[in-house]
Amino acid sequence: MMFVERGTTQGETTSQERRAADQPRTRLLGHVVHCDGSRATIAAETDTDDSGQSNYWTVGKMISINLGAIRTVGLVYAVERPEHRWRDGEANPIAISVELVGEVRDRGAEPVFDRGITEYPHIGAPAHRIRSRDLQAVYDLAGRQQAVIGKLSQDESIDACIAVDDTLNRHFAVVGTTGVGKSSAVSLLLRKTIASRPDLRVLILDPHNEFASALPEYAVRIDTNTLDLPFWLFRLEELVEVLFRGREPVTEEVELLREIIPAAKHLYRNPGSAASLRRSNDTGGLTADTPVPYRMADVLKEIEERTGQLANKSDRPIYRSLRTRIEAAQNDPRYRFMFASRLIEDSIHETIGRLFRIPSHGKTVTCFEMAGMPPEVVNSVCSVMARLAFDLALWSNGKLNLLVVCEEAHRYMPADPRLGFAPTRHALARIAKEGRKYGCYLGVVTQRPGELDPTVLSQCSTVFAMRLANDQDKAIIRSAIADSSASMLSFLSAMGRREAIAFGEGVATTMRMKFEQLPAHALPGQRDDAKKKASRPEDIDNDVDLASIVANLRDAGRSMRSQVQSPPDIGSPVPADMQAGDRDYRPRPARTPVQPETFEQWSRPSDDYARPASYTVPSRSHFGNR
């Protein structure tokens, strides 16, 4: 059956005749009976024997409305039998509700899709199944650099593609409840992105220790045993979070640190200026937040001296409490990555190089594994890493491109400003708001978008929404999607595993798609030593060593504690930039230490008289009359 609309030219008529000859007669299915600014209603007939025709009127399918030179594309979001009754053996009228998505035009030999509607369907306009060529045009990225991430749910013969640069430049988010394949989708997106952008460096904040096994050829693990992040890289509020262990800080102690730390930094730079510094209180422009090394022993020494000079004894508990907090953190094996350095020196180049893979040695992904770390450490370390990532991109003048992937993002950027750690929230929000200008990008992954800071989510211009059941979560996603595709979100509760609705700048138009299936060795969370389940009762307990589990619970860092509490050999190897593919350390050249023998030498440490940061200055009586 052929339809020729009034006002069409002979060329248009011929084109429609040619299309009609190539398509089955069942493509013509209905006519428009109602239309407003964004939606239309189509009247059609169907019966039980017309399965080949009626299955294109199912919810979620794309259809086409023929307007001559223009074909309006619509998404079916509701199908209704007006009388709510079905009659066997005869045609049953149905009403199809369609959301208008855009228009397809023939330009030369190829169809081209444009978002928005310039010519609305008229009453009686024929509606039919969309052609495969038109459907491909709807999701065509018009020459932008693209990566195939899966297939369309409507037509598995058509690839689902994303524009890599647009997805990165304006940030992206992956949301979905537990068990829908969210981590696998993130691993797939990272693989495709790295293949398209080999210059990109990726930092993954991984709370479940699952992504390093999914990206073995690209990733380097950093955990509590290999992390080397000196305490002097922390800003004051980040250090306070560690010292107070997530509790409300004492204002007087914080202000005392704000005064003493700049003095300790100035003393490190100018070892002989201690006396003049106390008289002039001039720290040379250094603040508590300046990333300059200092010795914690100097901080403790200054606290001790100020305690002895106090005229009011009621202030002494504040000084003693601060000293106790610092010593407790130094002796805590969980904080060894901050305080266990054998030699206080300016190692910022080495630290940043290891974290952000400069040089990369062929591996551009850093997986920071946080499972088992105390919350106060996680908050501070994530704050430092996010802040350094932005600053690196900013001062590299666009030469360094960084992607920060934040798994379980609602932990660090909660919607309630009273929750979470403020510096981490500010550092990640800064990347979301300004990072794209300098080459620092953000990937947000969460199962509870309703608990995520809406400002950060609004900055993610590409969203992959997987199955969501919570009404609050669906409302957040609904507020982010374009009005012309809002009905697509009605499928969120019923989507299958690995299926997602992708919308935003990184895709041509809103699409329902299914991610590619990753091979078993590339799935997140796979263990290298996966074991079979025990089949006999006597084998159940063979692999469970309760003694070692209890030992780990009591002392997670027994081997490191002795290094923290005893004087290390100054010339022994220290952490250096990791080689590609391993965790080995490259030792620095050994130094011949000079052992301090007098109280004055201990009091004025220098390069000749080096001592660990975790050691305090002995009393004068310790040296006797030497």
Problem - Pairwise salt bridge (Lys or Arg N to Asp or Glu O under 4.0 Å) hits with a residue in residues 403-415, at least two apart - result: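 Qualifying pairs: none.
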Ring centres of [X] and [Y] under 6.0 Å apart?
| X | Y | answer |
| --- | --- | --- |
| F339 | F231 | yes |
| F172 | Y441 | no |
| F390 | Y438 | yes |

Could you measure the distance from the [atom1] atom of [X] to the [atom2] atom of [Y]? Nearest 0.5 Å is fine.
| X | Y | atom1 | atom2 | answer |
| --- | --- | --- | --- | --- |
| R336 | N331 | CZ | CG | 13.5 Å |
| I326 | L300 | CD1 | CG | 5.0 Å |
| I303 | S321 | CD1 | OG | 10.0 Å |
| N169 | N401 | CG | CG | 8.5 Å |
| C406 | Y412 | SG | OH | 5.5 Å |
| W232 | L239 | CH2 | CG | 13.5 Å |

Would you confirm whether [X], through its side chain, and [Y], through its main-chain N or O, come within 3.5 Å as a donor-acceptor pair?
| X | Y | result |
| --- | --- | --- |
| H171 | L442 | yes |
| T364 | S360 | no |
| K363 | V220 | no |
| R197 | I194 | no |
| T290 | V292 | no |
| K182 | V174 | no |
| R201 | V365 | no |
| D391 | W395 | no |
| T226 | D223 | yes |
| N209 | A371 | yes |

Exercise for the section: Taking all heavy atoms of I431 and all of A386, pick out the closest pair and write down the distance. Expected result: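 What the structure gives for the nearest pair is CD1-O, 3.7 Å.
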Practice task
For S380 and S383, test the side chains for any donor-to-acceptor distance below 3.5 angstrom and give the result as yes or no.
Solution key: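 Side-chain D/A pair, S380 to S383: absent.
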Handout entry: Donor-acceptor side-chain pairing of T178 and Q447 below 3.5 angstrom
Key =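 Side chains of T178 and Q447: pair found under 3.5 Å.
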Exercise for the section: Determine, step by step, whether R258 and E237 satisfy the salt bridge (Lys or Arg N to Asp or Glu O under 4.0 Å) criterion, reporting the C-alpha distance in whole Å, the side-chain angles of both residues, the deciding distance to 0.1 Å, and the verdict. Expected result: CA-CA 10 Å; R258 195 184 304 276; E237 55 189 349; over 6 Å; no
Exercise for the section: Take E253 and R323, measure what salt bridge (Lys or Arg N to Asp or Glu O under 4.0 Å) needs, and give me the verdict at the end. Expected result: CA-CA 10 Å; E253 295 183 31; R323 180 187 179 95; over 6 Å; no
Problem - Step-by-step salt bridge (Lys or Arg N to Asp or Glu O under 4.0 Å) determination, R354 to D228 - result: CA-CA 9 Å; R354 292 184 65 241; D228 182 17; 5.1 Å; no
Practice task
Taking the side chain as every heavy atom from C-beta outward, state whether E369 and F211 have any atom pair closer than 4.5 Å.
Solution key: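 When only atoms from C-beta onward are counted, F211 and E369 do not touch, as no gap falls below 4.5 Å.
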Problem - Flag side-chain contact, heavy atom, 4.5 Å: L428 against V456 - result: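 No - every pair of side-chain heavy atoms lies 4.5 Å or more apart.
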Handout entry: Test applied, side chain to side chain contact (heavy atoms under 4.5 Å, CB included); reference residue, F368; option that passes from D206, I204, V381
Key =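 The residue from D206, I204, V381 that satisfies side chain to side chain contact (heavy atoms under 4.5 Å, CB included) with F368 turns out to be V381.
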Using distance only, find each side-chain donor-acceptor pair of residues 241-251 under 3.5 Å and give its atom names and separation, not counting sequence neighbours.
residue : atom : partner : partner atom : Å
R245    : NH1  : D332    : OD2          : 3.0
R245    : NH2  : D332    : OD2          : 3.4

